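Every value quoted in this text rests on a predicted model; they were computed, and no experiment measured them.
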Amino acid sequence: MQAENSRIRIGSRGGFKEYLSLIKPRETSLLVFIAMVAAFLAGNGTLPFERAGLIFLAVLLASAGANGLTNYLDRHFDARMERTRRRVLPSGRLYPAENALYFCLALSLAGLVLAWILHPLVFAADLAGTLAAVVYRKRATCVFPQGMIAGCAPILMGWLAVSPQVSWQLLCLCILIALWLPSHVWSIMLAHQEAYRQAGLAFFPINRHFKFVTRLLLVFSIGLVLASVGLYLASDLGWLYLGVALIAGLMMVYASWRLTCSLSSRAAWTLYKLSSYPYLGLLFLTMALDIGLKI
């Protein structure tokens, strides 16, 4: 088997589809989207086309580079789990792995250059987010603080590129992301808890009792609703946003409550699927629509 694998891995391989998969296009597109909405909010619904294009490219390159680097750093763990072993690096569809490393470093560097052109504070947010995404991984909780910094970086980049100053609205956006992260990250880890353990990963929440983590997720879900209402109070967002935020937030609370009651991997997977595009994507889309309707 080892000889066969050696023959398969001779030479360089990987095309457009492999490099696209490497940068996690769904996750990258969500990060770019929330950054653009943050920029739109910072400009009170006004965003010059040229500025918008530069922000879009900077966040796209930064997010793609950081996501690709995490894939590169996690490739050995991914190879040990059924859910992830078919990704481009552990499967050998993109080989050698150093090609992926150089590609992602180039993306990250290009993103930093554009971020500097936008504003030094945008550069600082980009650099902090990239470092948080790749340093000290698979330790402690992987959400606090490194995940929180990496998750807030696109919002900070989008906002500071338009309004280079901290406001209560920006702070509420970052708190919203910080409270959303556990539902998104820990839920998928609970859904595949045994696979993570077999891969040799023993950080939170893998190292804690399933029931304790589900109760903690319920608390974070309730906090998420409060944070979304806090954003409404701290901004010019209207009833459209508030209504969607309350309905979507209560759906997250209900999904977390179901997980607490059932303690099942299926319920954890449901919470994970609900957390990304149905919840966060819809919430930010409503923010943009709410501001846009007032112009």
Side-chain angles (χ1 to χ4, degrees), residues 21-28 30-31 63 66-91 129 132-153 176-224 251-281:
S21 177
L22 174 71
I23 63 173
K24 302 178 181 178
R26 292 185 73 249
E27 291 82 352
T28 295
L30 180 60
L31 293 174
S63 301
N67 281 329
L69 286 172
T70 60
N71 259 343
Y72 172 80
L73 294 171
D74 292 346
R75 66 193 187 282
H76 299 304
F77 294 114
D78 289 343
R80 302 175 195 171
M81 291 192 288
E82 178 64 27
R83 183 178 66 87
T84 56
R85 66 184 180 87
R86 294 180 182 84
R87 289 178 177 174
V88 290
L89 290 177
S91 67
V134 301
V135 175
Y136 206 64
R137 293 182 54 73
K138 306 304 185 188
R139 309 277 184 88
T141 69
C142 86
V143 168
F144 300 112
Q146 60 270 43
M148 180 181 66
I149 297 172
C152 289
L176 185 71
I177 294 298
L179 292 173
W180 166 81
L181 275 170
S183 296
H184 185 64
V185 178
W186 293 346
S187 58
I188 192 173
M189 296 179 72
L190 289 181
H192 301 277
Q193 190 175 54
E194 198 56 42
Y196 278 91
R197 286 175 177 163
Q198 292 175 2
L201 301 174
F203 55 89
F204 191 92
I206 304 303
N207 60 355
R208 298 302 298 268
H209 194 276
F210 197 101
K211 189 172 186 178
F212 170 78
V213 181
T214 61
R215 289 176 175 175
L216 194 57
L217 284 175
L218 179 59
V219 172
F220 275 109
S221 296
I222 295 172
L224 192 59
M251 289 176 63
M252 289 288 290
V253 171
Y254 177 71
S256 299
W257 176 76
R258 287 289 303 272
L259 173 59
T260 304
C261 294
S262 67
L263 300 178
S264 67
S265 297
R266 183 175 181 179
W269 179 253
T270 299
L271 177 60
Y272 166 73
K273 296 299 288 184
L274 177 64
S275 66
S276 54
Y277 281 91
Y279 176 76
L280 196 67

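Q193 is listed as a side-chain neighbour of I206, based on a closest heavy-atom distance under 4.5 Å. Annotation: side chain of L30 is in contact with side chain of L280 (closest heavy-atom distance under 4.5 Å). Considering only heavy atoms from C-beta on, M252 comes within 4.5 Å of L271 through its side chain. The side-chain heavy atoms of R80 and F77, taken from C-beta on, include a pair separated by under 4.5 Å. Looking at T84 and H192, their side chains never come closer than 4.5 Å, going by heavy atoms from C-beta outward. With contacts defined as side-chain heavy-atom distances shorter than 4.5 Å, the pair L224/V253 does not qualify. Side-chain contact check for T270 versus R258: every heavy-atom pair is 4.5 Å or farther apart. The closest side-chain heavy-atom distance from Y196 to R83 is below 4.5 Å.
Distance alone, capped at 3.5 Å, is enough to place a donor-acceptor pair between the Y277 side chain and the R26 backbone. Judged by distance alone, with hydrogens and angles left aside, the side-chain atoms of T260 form a donor-acceptor pair with the main-chain N or O of T214 at under 3.5 Å.
With rounding to the nearest 0.5 Å, the separation of OG in S21 from CG in N67 is 11.5 Å. Remark: R197 CZ to M81 CE distance equals 13.5 Å, nearest 0.5 Å. Considering CG of L73 and CG of D78, their distance stands at 10.5 Å, rounded to 0.5 Å. Taken from CZ in R87 to NZ in K24, the straight-line distance is 5.5 Å, to the nearest 0.5 Å.
Counting all heavy atoms, side chain and backbone alike, L190 lies closest to A268 at CB-CB, 4.0 Å. Closest approach of P205 to W186, counting heavy atoms only: CD-CD1, 3.5 Å. Scanning all heavy atoms of the two residues, the minimum distance from S256 to L217 falls at OG-O, 3.9 Å. In this structure, M251 and L274 approach most closely via the heavy-atom pair O-CD2, 3.6 Å. Nearest heavy atoms, S221 versus S183: OG-OG, 3.6 Å. Considering every non-hydrogen atom in both T28 and I23, the closest pair reads OG1-O, 2.7 Å.
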**Message:** Show, in sequence, the C-alpha distance, side-chain angles and deciding distance for F210 and L259, and conclude whether the side chain to side chain contact (heavy atoms under 4.5 Å, CB included) test is met.
**Reply:** CA-CA 10 Å; F210 197 101; L259 173 59; 4.0 Å; yes

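Taking the six-membered ring for Trp and thresholds of 30 and 60 degrees, W269 and Y272 have ring planes inclined between 30 and 60 degrees apart.
Because its NZ or CZ atom is both nearer than 6.0 Å to the ring centre of Y72 and within 45° of the ring axis, R75 counts as a cation-pi partner of that residue.
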